[in-house]
There are 2 protein chains.
Amino acid sequence: MTVTLADVAARAQVSPATVSRVLNGNYPVAASTRERVLRAVDELDYVLNGPASSLAAATSDLVGILVNDIADPFFGIMASAIQSEIGGPGGRAGGERLAVVCNTGGSPERELTYLTLLQRQRAAAVVLTGGAVEDEPHAAAVASKLRKLADAGTRVVLCGRPPASDTGAIALTFDNRGGGRELTEHLIGLGHRRLGYIAGPEERTTTRHRLEGHRAALEAHGIEEDERWTVHGRYDRQSGYEATLELLRRDPSLTAVVAANDSVALGACAALRDSGLRIPDDVSVAGFDDLPFSIDAVPSLTTVRLPLAEAGARAGRIAMGREEPPPGGIATIRGELMVRGSSGGPRAS
Amino acid sequence: MTVTLADVAARAQVSPATVSRVLNGNYPVAASTRERVLRAVDELDYVLNGPASSLAAATSDLVGILVNDIADPFFGIMASAIQSEIGGPGGRAGGERLAVVCNTGGSPERELTYLTLLQRQRAAAVVLTGGAVEDEPHAAAVASKLRKLADAGTRVVLCGRPPASDTGAIALTFDNRGGGRELTEHLIGLGHRRLGYIAGPEERTTTRHRLEGHRAALEAHGIEEDERWTVHGRYDRQSGYEATLELLRRDPSLTAVVAANDSVALGACAALRDSGLRIPDDVSVAGFDDLPFSIDAVPSLTTVRLPLAEAGARAGRIAMGREEPPPGGIATIRGELMVRGSSGGPRAS
DNA sequence: TATCTCATAGAAAGCGCTTGCTGTGACGCT
DNA sequence: AGCGTCACAGCAAGCGCTTTCTATGAGATA
């Protein structure tokens with residue numbers, strides 16, 4: 001029914017071994033033979049059996065990319081960059097690799113299951129993007145899984161995720177804490193003293209680090225934080241909308257709202273507008289990430305730019321062994337403060 | 001070195017066959033035996049070898065999702081919905097499947113290569129999302145590939161993509177033409193007679209259909225189109241920005257700009273603003289897709305909502321054989337006109 | 001008690017490919 | 001002429017799992 005290597009061999013009048021070598025091109029084959037084989041492959045419309053090949057060679061050309069939310073451009077941009085370097089079809093990397101992105105939906109269990117599935121497939125490399133969940137048992141489980149993957153020869157790279165010590169994983173980490181601090185200091189520098197903060201989900205590293213940066217800035221400037229000023233939510237627009245209304249309810253005198261990311265900031269802007277407040281005249285707003293749409297917001301969003309594409313590309317190259325890992329296996333990638341229209345001095349009150 | 005089925009079998013004092021059956025759960029195994037096996041699996045930290053399993057069983061649990069641009073939420077949303085139904089980890093579908101999304105970057109070659117790679121892996125199903133390229137030889141190549149996949153037992157579903165006749169593929173198609181027409185008719189109804197159109201890349205079906213709808217509306221209302229009113233570009237924000245400036249240069253008297261999608265529309269808005277024009281007072285703007293950020297634009301975007309998540313979910317279910325394909329293998333999914341702040345009557349001139 | 005029927009478990013034959021090792025001529029060297 | 005070298009090509013042994021077919025013992029039935 002289906003064409004196999006043996007069929008091709010028969011047709012080309014060579015041994016299966018030769019066909020295999022022609023296809024893999026890592027062993028000398030006479031030009032004339034090669035041509036004959038290739039012709040047979042073509043005529044028979046032969047397609048290599050991936051599983052069989054992986055089994056025999058004990059390697060696979062699968063590369064996994066784990067993301068928390070594929071519908072979020074934050075991950076889409078990184079995934080796209082990683083993939084372009086992995087060399088899937090079209091990439092310039094040597095053999096063709098199947099770069100696959102797996103959507104964990106932010107769920108620890110799914111993350112683990114995907115890792116197992118990739119381990120099953122003997123993936124060549126795995127890149128985990130975005131913040132991790134801080135739940136201890138889960139973190140341990142993931143760490144152990146990563147170690148096993150690494151031990152089995154799978155290259156593991158973390159992109160935009162804190163280092164997982166002792167797992168052999170390379171980490172390219174975003175300096176969320178520093179970025180958060182810089183952002184809030186900018187606002188403080190403008191004169192704000194009452195700042196609301198819309199944080200992401202409680203248990204994520206990204207959430208915590210950005211919040212810590214924010215608080216460090218407040219503290220450094222002697223601003224005592226009111227606990228009513230922080231609200232936790234999801235990393236999406238709607239959450240930002242609701243959280244902002246909540247913040248306004250708690251303390252209508254806030255002059256600035258710092259959001260966990262740009263999507264949340266957009267929701268915050270909408271909520272402020274719907275509440276009859278002008279941005280930045282009445283309330284300043286700041287986001288994080290600098291996703292493409294941020295510059296198109298009205299007013300355009302003050303935010304911290306994270307070099308998502310660059311980081312992803314680098315992670316991809318490292319995963320493919322085409323770039324030296326950073327010394328110590330850890331690199332911190334800094335964000336860049338982008339001051340735009342959504343932040344200004346506080347209203348006189 | 002690595003633990004194999006045989007190791008587990010030895011440890012549990014059963015035959016490899018029994019272990020396999022316990023793991024696959026499709027053959028009666030005594031409870032006590034099962035338990036013993038499971039314990040051995042656990043103690044040995046055994047992970048099934050995917051390739052070996054796929055080879056022996058002649059099936060695989062890989063499901064491919066092809067997208068044009070993973071960084072674009074349009075695809076991200078669909079992919080996410082598809083994946084959730086595929087049942088990757090966390091989905092409710094039975095066995096665990098590895099749903100993988102492949103980023104073609106809109107390139108026909110990559111699309112083809114990914115299909116081949118998926119064919120190599122003997123994928124259980126493949127879902128192709130978004131518009132197709134209209135290049136004839138390529139279309140034929142893809143069609144032939146799809147047919148082969150289908151023949152080999154891979155379920156093929158097109159989501160948001162025109163039907164590929166005679167390939168055995170199920171198609172859930174968006175009614176881009178109808179949506180485009182409705183959108184433009186809305187604008188015409190408001191009194192606009194000079195409408196610019198920012199189209200997507202020339203050779204894509206989505207581009208052509210939306211444009212056809214637009215033109216049908218113009219024609220239906222006796223508006224003769226000036227060829228200067230149409231500009232082609234990419235499906236992104238920057239392209240919209242540039243195209244709008246170009247349109248304005250060609251004919252400053254335009255009172256409305258219809259964009260190929262929401263991202264483009266956002267760029268158009270920015271260009272208009274930068275040109276000192278108010279929206280919608282001076283120029284109305286309309287998008288397409290109704291991505292999440294569209295409602296947050298200022299003014300919020302008039303657009304055509306496409307039920308991306310619903311369509312994706314349905315495609316996923318069909319791919320898994322959990323839902324009946326539509327009669328004839330083809331379903332057309334209509335968009336819904338969302339009238340919002342970015343469209344209004346034309347300025348008196 | 002003898003026989004039949006189930007429910008389970010094992011033996012073994014592959015699945016389609018890769019690769020270490022073994023030919024085997026042709027060529028060039030002494 | 002004799003022999004080492006090389007460039008190719010083939011043999012055959014798996015890779016780790018699934019699954020058909022064949023035991024085997026325990027009840028059930030006659």
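In what follows, chains are A, B, ... by sequence order, proteins preceding strands, each numbered from 1.
- Comparing the local axis fitted to the first five base pairs of the helix from C/dT1-D/dA30 to C/dT30-D/dA1 with the one fitted to its last five gives a bend of 40°, rounded to 10°.
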Close N or O pairs between protein and nucleotides 10-13 of chain D (under 3.5 Å):
unit_1	atom_1	unit_2	atom_2	d
D/dG10	OP2	A/Ser15	N	2.8
D/dG10	OP2	A/Ser15	OG	3.1
D/dG10	OP2	A/Thr18	OG1	2.7
D/dG10	N7	A/Arg21	NH2	2.7
D/dG10	O6	A/Arg21	NH2	2.8

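- Tested against B/Leu118, the residues B/Thr154, B/Val156, B/Leu66 include a single side-chain contact (heavy atoms from CB on, under 4.5 Å) partner, B/Leu66.
- Side-chain contact check for B/Thr113 and B/Thr116: no donor-acceptor pair (N or O, by modelled atom type) lies under 3.5 Å.
- Within the 4.5 Å cutoff, no side-chain heavy atoms of B/Ile70 are placed close to those of A/Phe75.
- If you take CG of A/Asp7 and P of C/dC17, they are 9 Å apart, rounded to a whole angstrom.
- When side chains are defined from C-beta on, A/Val142 counts as touching A/Leu112, because their heavy atoms get closer than 4.5 Å.
- One atom, CG of A/Leu44, and another, C1' of C/dG16, lie 15 Å apart when rounded to the nearest Å.
- Regarding contacts with the backbone of D/dT18, a side-chain N or O of B/Ser20 is found under 4.0 angstrom from either OP1 or OP2.
- Between A/Thr33 and A/Val22 there is no side-chain heavy-atom pair separated by less than 4.5 Å.
- Within a heavy-atom distance below 4.0 Å of DNA chain C, the residues of residues 49-60 of chain B found are B/Leu55, B/Ala56.
- B/Arg120 contributes no side-chain N or O that, together with a main-chain N or O of A/Gly50, makes up a donor-acceptor pair within less than 3.5 Å.
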Start with the C-alpha gap between A/Leu98 and B/Leu62, add the side-chain angles, then the distance that decides, and say whether side chain to side chain contact (heavy atoms under 4.5 Å, CB included) holds.
CA-CA 12 Å; A/Leu98 219 204; B/Leu62 211 66; 4.2 Å; yes

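- For A/Asn24 and C/dC17, the CG to P distance is 11 Å, given to the nearest whole Å.
- Going from atom CG of A/Leu23 over to atom C1' of C/dT19 covers 15 Å, rounded to whole Å.
- Side-chain atoms of B/Arg122 never come within 3.5 Å of backbone atoms of B/Ala58 as a donor-acceptor pair (strictly under, hydrogens ignored).
- For the pair A/Arg122 CZ and D/dG16 P, the computed distance is 8 Å after rounding to whole Å.
- Spacing between atom CZ of A/Arg34 and atom C1' of D/dA7 amounts to 13 Å, rounded to whole angstrom units.
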Pair A/Thr104, A/Ser107 - check side-chain hydrogen bond (donor to acceptor under 3.5 Å, both in side chains), show working.
CA-CA 6 Å; A/Thr104 66; A/Ser107 142; over 6 Å; no

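- No donor-acceptor pair closer than 3.5 Å links the side chain of B/Glu203 to the backbone N or O of B/Asp135.
- Put simply, the side chain of B/Arg322 gets close to the backbone of B/Glu85: a donor and an acceptor are under 3.5 Å apart.
- Between the CG atom of B/Asp61 and the C1' atom of D/dT18 there is a distance of 14 Å, given to the nearest Å.
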